[in-house]
*Asks:* 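Can you keep this structure in mind? I'll have questions shortly.
Numbers here are sequence positions counted from 1.
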Amino acid sequence: MADKHRISFEPVDIEMEAGEDEKILDAAFRQGVHLMHGCREGQCSACKSYVLDGEIQMERYSTFACNDAEVEEGYVLLCRAHAFSDCTIELLNFDEEELLNSAPLQQVSTEVMEIVEHTRDIVGLKLKPVEPAAYEFKAGQYADLTIPGTDEHRSFSMATTPSTADYVEFVIKKYPGGRFSSLLEEGIAVGDTIELAGPYGNFTLKSGHVLPLVLMAGGAGMAPVLGLLRHLSETGDPRRIRFYYGARTAADLFYLDEIRALGERLADFGFVVALSESIDGAGDLGVAVEAGVVTDVVESAEPELHEAEVYLCGPPPMVDAALALAERQGVPEDRVFYDKFTTAVQPDE
């Protein structure tokens, strides 16, 4: 059995243990400590922290997330880090509300309830928790789904809310040769069993916050933003809420009817679609449509963006552009929440 070591986190005064054979972030999940994280693949820097004392080694990671100079100085990515002594680590990003009060990590066997083709490259997947028959999470989080017949997994955001107890819904983009997404066309069927692990992610609404919300999504980034929007509608949130969704053409849009219905139950809601390639056929959609990329549309429509909380989810180029927009507009970093769909270590997903 691998040696275990004590990990102390500052400035939050939390201690836990970690085995040498497990990553520090995984050890935290195991013990109910919900550290800030994103991709869990060493690519996004959400879990970047600073080693005050102790011996830590990292598995392979992206130097875009933590460059060589930072590593020399003592910075680490907790999703890649193994402890080989007792350690004291300074958390650079943390949410005190969620650190010890988030949903626990769960392993759930699920049954495929439904597979729906939303667009030519977006698929909806509904899974029913079977063993155990309940799954606890927060709107906006994601889960790992095991690729049937393998030990590999892929991470997908959930579009449902905890109030939908009988199923969990995912919105998945199909990639040519994708190990999981290609099975949704041929290989996974209603009634099949899929193992789920989760929840993960900090893309969640923060209790007690009252600022206006600007939600931005592209592609399968619809999933967690739709989860947030469903939760906001369920709770009758009174804030100003604007949702901007980026796609290429009208044929790439989906869930428009539900989004309109959700908005009708909110006090101050607006929904705008940004089409980057063509607006042909968009006149009869029943929603506001603008030509251009979603970040340009938001920049024009939201001159007071610095007075809002901003939630972003989608492919990396969209999220990078949206983060740059938020910085230009002076949105404080602690009011910007995002999920960037980084690729797995395998190049096909």
*Asks:* Not counting sequence neighbours, which residues clear side-chain hydrogen bond (donor to acceptor under 3.5 Å, both in side chains) with Gln329? List them please.
*Replies:*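 Result, side-chain hydrogen bond (donor to acceptor under 3.5 Å, both in side chains) vs Gln329: none returned.
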
*Asks:* Could you tell me whether a side-chain N or O of Arg248 sits under 3.5 Å from a main-chain N or O of Ser278, the two making a donor and an acceptor?
*Replies:*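 Between the backbone of Ser278 and the side chain of Arg248 there is no qualifying donor-acceptor contact (under 3.5 Å).
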
*Asks:* Would you say Arg6 and Met16 make side-chain contact, with heavy atoms under 4.5 Å?
*Replies:*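 They are not in side-chain contact.
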
*Asks:* Any side-chain heavy-atom pair from Glu258 and Leu262 closer than 4.5 angstrom?
*Replies:*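 Result yes, sub-4.5 Å side-chain heavy-atom pair found.
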
*Asks:* Taking ring pair (Phe, Tyr, Trp, His ring centres under 6.0 Å) as the definition, give me every residue that meets it alongside His118, ordered by chain and number, with sequence neighbours left out.
*Replies:*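 For His118 the ring pair (Phe, Tyr, Trp, His ring centres under 6.0 Å) partners, ignoring immediate neighbours, are Phe254, Tyr255.
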
*Asks:* Report the distance from atom OG of Ser49 to atom CD1 of Ile89, rounding to the nearest 0.5 Å.
*Replies:*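 Result: 6.5 Å between the selected atoms.
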
*Asks:* Rounded to the nearest 0.5 Å, what separates atom SG in Cys39 from atom OH in Tyr200?
*Replies:*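 One finds 13.0 Å between SG of Cys39 and OH of Tyr200.
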
*Asks:* Strictly by salt bridge (charged side-chain N to carboxylate O under 4.0 Å, His left out), give each pair with a member in residues 185-203 just once, sequence neighbours left out.
*Replies:*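 Only Lys174-Glu185 qualify under salt bridge (charged side-chain N to carboxylate O under 4.0 Å, His left out).
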
*Asks:* How long is the straight-line distance from CG of Leu285 back to CG of Asp257, given to the nearest 0.5 Å?
*Replies:*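 One finds 10.0 Å between CG of Asp257 and CG of Leu285.
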
*Asks:* Is the backbone N or O of Arg265 less than 3.5 Å from a side-chain atom of Ser233, with the two atoms forming a donor-acceptor pair by type?
*Replies:*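 Checked: no pair found.
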
*Asks:* Side chains of Glu114 and Tyr167 only: does a donor on one sit below 3.5 Å from an acceptor on the other?
*Replies:*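 On atom types as modelled, these side chains do not qualify, holding no pair under 3.5 Å.
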
*Asks:* Distance-only, no hydrogens or angles: does the Tyr61 side chain make a donor-acceptor pair with backbone N or O of Asn67 under 3.5 Å?
*Replies:*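 No; zero donor-acceptor contacts below 3.5 Å.
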
*Asks:* Suppose the criterion is salt bridge (charged side-chain N to carboxylate O under 4.0 Å, His left out): which pairs have a residue in residues 267-281, not counting sequence neighbours?
*Replies:*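 Pairs touching residues 267-281 that pass the test: Arg242-Asp268.
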
*Asks:* Side-chain contact test, heavy atoms from C-beta onward, threshold under 4.5 Å: evaluate it for Val71 versus Met58 and give yes or no.
*Replies:*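 Yes. Closest side-chain heavy atoms under 4.5 Å.
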
*Asks:* Heavy atoms only: give me the nearest Leu183-Pro148 pair and the separation to one decimal.
*Replies:*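 It is CD1-CD, 4.0 Å.
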
*Asks:* Take Thr150 and Arg179 through the side chain to side chain contact (heavy atoms under 4.5 Å, CB included) test and state the conclusion after the steps.
*Replies:* CA-CA 10 Å; Thr150 77; Arg179 292 291 305 280; 3.4 Å; yes

*Asks:* Identify each donor-acceptor pair in which a side-chain atom of residues 314-322 lies under 3.5 Å from a protein atom, sequence neighbours left out, and give them as a table.
*Replies:*
residue: Asp320; atom: OD1; partner: Lys340; partner atom: NZ; Å: 2.7

*Asks:* Could you state the interatomic distance from CD (Glu302) to OG1 (Thr295), rounded to the nearest 0.5 Å?
*Replies:*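 Result: 13.0 Å between the selected atoms.
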
*Asks:* To check you understand the geometry: which heavy-atom pair defines the closest contact between Pro104 and Pro199, and what is its length?
*Replies:*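 For Pro104 and Pro199, the tightest heavy-atom pair comes out as O-CD, 3.2 Å.
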
*Asks:* Can you name the residues that form a side-chain hydrogen bond (donor to acceptor under 3.5 Å, both in side chains) with Tyr311, not counting sequence neighbours?
*Replies:*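 So Tyr311 forms no side-chain hydrogen bond (donor to acceptor under 3.5 Å, both in side chains) with any residue.
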
*Asks:* Any heavy-atom pair between the side chains of Leu127 and Ile194 that's under 4.5 Å?
*Replies:*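 Yes, close enough: below the 4.5 Å cut-off.
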
*Asks:* Is there a donor-acceptor pair under 3.5 Å between the side chain of Arg239 and the backbone N or O of Leu211?
*Replies:*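 Such a contact is found between Arg239 side chain and Leu211 backbone.
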
*Asks:* Search all heavy atoms of Ile259 against all heavy atoms of Leu229 and return the closest pair with its distance.
*Replies:*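 Closest approach of Ile259 to Leu229: CG2-CD2, 4.1 Å.
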
*Asks:* Would Phe203 and Val225 satisfy side chain to side chain contact (heavy atoms under 4.5 Å, CB included), going step by step from the backbone distance to the final call?
*Replies:* CA-CA 9 Å; Phe203 192 76; Val225 174; 4.1 Å; yes

*Asks:* So if you build clusters from Ile, Leu, Val, Met, Phe, Trp, Tyr with side-chain heavy-atom gaps below 4.5 Å, do Met36 and Tyr75 land together?
*Replies:*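 No, Met36 does not connect to Tyr75 through the hydrophobic network.
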
*Asks:* Please report the closest heavy-atom contact between Cys313 and Pro224, naming both atoms and the distance.
*Replies:*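 Answer, listing the atom of Cys313 first, then Pro224: SG-CG, 3.3 Å.
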
*Asks:* Going by ring pair (Phe, Tyr, Trp, His ring centres under 6.0 Å), name the residues that satisfy it together with His82, two or more places apart in sequence or in a different chain.
*Replies:*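 His82: no ring pair (Phe, Tyr, Trp, His ring centres under 6.0 Å) contacts found.
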
*Asks:* Please round to the nearest 0.5 Å and tell me the distance separating atom CG of Leu125 and atom OG1 of Thr110.
*Replies:*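 So the CG of Leu125 and the OG1 of Thr110 are separated by 7.5 Å.
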
*Asks:* Would you indicate whether the side-chain heavy atoms of Thr164 and Arg230 approach each other to under 4.5 Å?
*Replies:*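 The answer is no; the side chains never approach within 4.5 Å.
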
*Asks:* Would you mind listing every side chain to side chain donor-acceptor pair (under 3.5 Å) that reaches into residues 212-222, with sequence neighbours excluded?
*Replies:*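 Counting only pairs at least two positions apart or across chains, no side chain to side chain donor-acceptor pair (under 3.5 Å) contact touches residues 212-222.
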
*Asks:* Using side chain to side chain contact (heavy atoms under 4.5 Å, CB included), reason through Val214 and Leu305 one step at a time and then give a plain yes or no.
*Replies:* CA-CA 8 Å; Val214 174; Leu305 191 64; 3.8 Å; yes

*Asks:* Report whether Ile24 and Ile14 are members of the same hydrophobic cluster (ILVMFWY, side-chain heavy atoms less than 4.5 Å apart, transitive linking).
*Replies:*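 Yes.
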
*Asks:* What I'd like to find out is whether the side chain of His34 reaches to under 4.5 Å of the side chain of Leu99, using heavy atoms alone.
*Replies:*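 His34 does not reach Leu99 side chain to side chain.
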
*Asks:* Identify every side-chain donor-acceptor pair in residues 133-143 under 3.5 Å, counting partners at least two apart or on other chains, and give the distances.
*Replies:*
residue: Gln141; atom: OE1; partner: Lys138; partner atom: N; Å: 2.9
residue: Gln141; atom: NE2; partner: Gly201; partner atom: O; Å: 3.0
residue: Tyr142; atom: OH; partner: Gly38; partner atom: O; Å: 2.4
residue: Tyr142; atom: OH; partner: Arg40; partner atom: NH1; Å: 3.2

*Asks:* Tell me whether the count of non-hydrogen atoms from other residues, nucleotides or ligands lying under 6.0 Å of NZ in Lys128 goes above 12.
*Replies:*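 Counting neighbours around NZ of Lys128, 12 or fewer heavy atoms of other residues, nucleotides or ligands fall under 6.0 Å, so no.
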
*Asks:* Would you confirm whether Gln31, through its side chain, and Glu17, through its main-chain N or O, come within 3.5 Å as a donor-acceptor pair?
*Replies:*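 Yes, the answer is positive, given that a donor and an acceptor are paired below the 3.5 Å cut-off.
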
*Asks:* Would you mind listing every ring pair (Phe, Tyr, Trp, His ring centres under 6.0 Å) that reaches into residues 264-295, with sequence neighbours excluded?
*Replies:*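 Residue pairs passing ring pair (Phe, Tyr, Trp, His ring centres under 6.0 Å), neighbours aside: Phe243-Phe271.
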
*Asks:* Output all residues satisfying side-chain hydrogen bond (donor to acceptor under 3.5 Å, both in side chains) with Asp166, sequence neighbours left out; order by chain, then residue number.
*Replies:*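 Asp166: no side-chain hydrogen bond (donor to acceptor under 3.5 Å, both in side chains) contacts found.
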
*Asks:* Tell me whether Ile7 is reachable from Leu105 by hopping between hydrophobic residues (I, L, V, M, F, W, Y) whose side-chain heavy atoms are closer than 4.5 Å.
*Replies:*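 The answer is yes; both residues are in one hydrophobic cluster.
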
*Asks:* With the 4.5 Å side-chain cut-off for hydrophobic clustering, are Val297 and Leu323 part of the same group?
*Replies:*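 Same cluster.
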
*Asks:* Closest approach of Ala267 and Pro238, non-hydrogen atoms and distance?
*Replies:*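 Between these two residues, the closest heavy atoms are CB-O, 4.0 Å.
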
*Asks:* Are the aromatic ring centres of Phe180 and Phe156 under 6.0 angstrom apart?
*Replies:*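 Yes; Phe156 has its ring centre under 6.0 Å from that of Phe180.
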
*Asks:* Are Val336 and Val298 connected into the same hydrophobic cluster when the rule is that any two of I, L, V, M, F, W, Y join if their side-chain heavy atoms are below 4.5 Å apart?
*Replies:*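 Cluster IDs for Val298 and Val336 match.
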
*Asks:* Before you tell me yes or no, could you show the steps for Lys206 and Glu309 under salt bridge (charged side-chain N to carboxylate O under 4.0 Å, His left out), namely the whole-Å CA-CA distance, both residues' side-chain angles and the distance that decides it to 0.1 Å?
*Replies:* CA-CA 10 Å; Lys206 313 308 172 187; Glu309 287 187 350; over 6 Å; no

*Asks:* Judged by atom type as modelled, is there a donor-acceptor pair below 3.5 Å linking the side chain of Arg60 to the main-chain atoms of Gly42?
*Replies:*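 Checked: no pair found.
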
*Asks:* Under a 4.5 Å cut-off applied to non-hydrogen side-chain atoms, are Leu205 and Phe337 in contact?
*Replies:*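 Contact flag for Leu205/Phe337 side chains = no.
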
*Asks:* Please round to the nearest 0.5 Å and tell me the distance separating atom CD of Glu90 and atom CG of Leu52.
*Replies:*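 The CD atom of Glu90 sits 5.5 Å away from the CG atom of Leu52.
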
*Asks:* Got Glu117 and Val123 here, is their nearest side-chain heavy-atom distance under 4.5 Å?
*Replies:*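 Contact flag for Glu117/Val123 side chains = yes.
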
*Asks:* May I ask you to check whether over 12 heavy atoms, not counting those of Glu73, lie within 6.0 Å of atom CD?
*Replies:*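 Above 12, so yes.
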
*Asks:* Identify the heavy atoms of Ala282 and Leu275 that sit nearest to each other, and give their distance.
*Replies:*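 Scanning both residues completely, I find the closest heavy atoms to be CB-CD1, 3.9 Å.
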
*Asks:* With sequence neighbours excluded, give me every side chain to side chain donor-acceptor pair (under 3.5 Å) pair touching residues 20-29.
*Replies:*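 Pairs touching residues 20-29 that pass the test: His5-Glu20, Glu22-Arg30.
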
*Asks:* Side-chain donor-acceptor pair under 3.5 Å between Asp121 and Thr119, yes or no?
*Replies:*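 There is such a pair between these side chains.
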
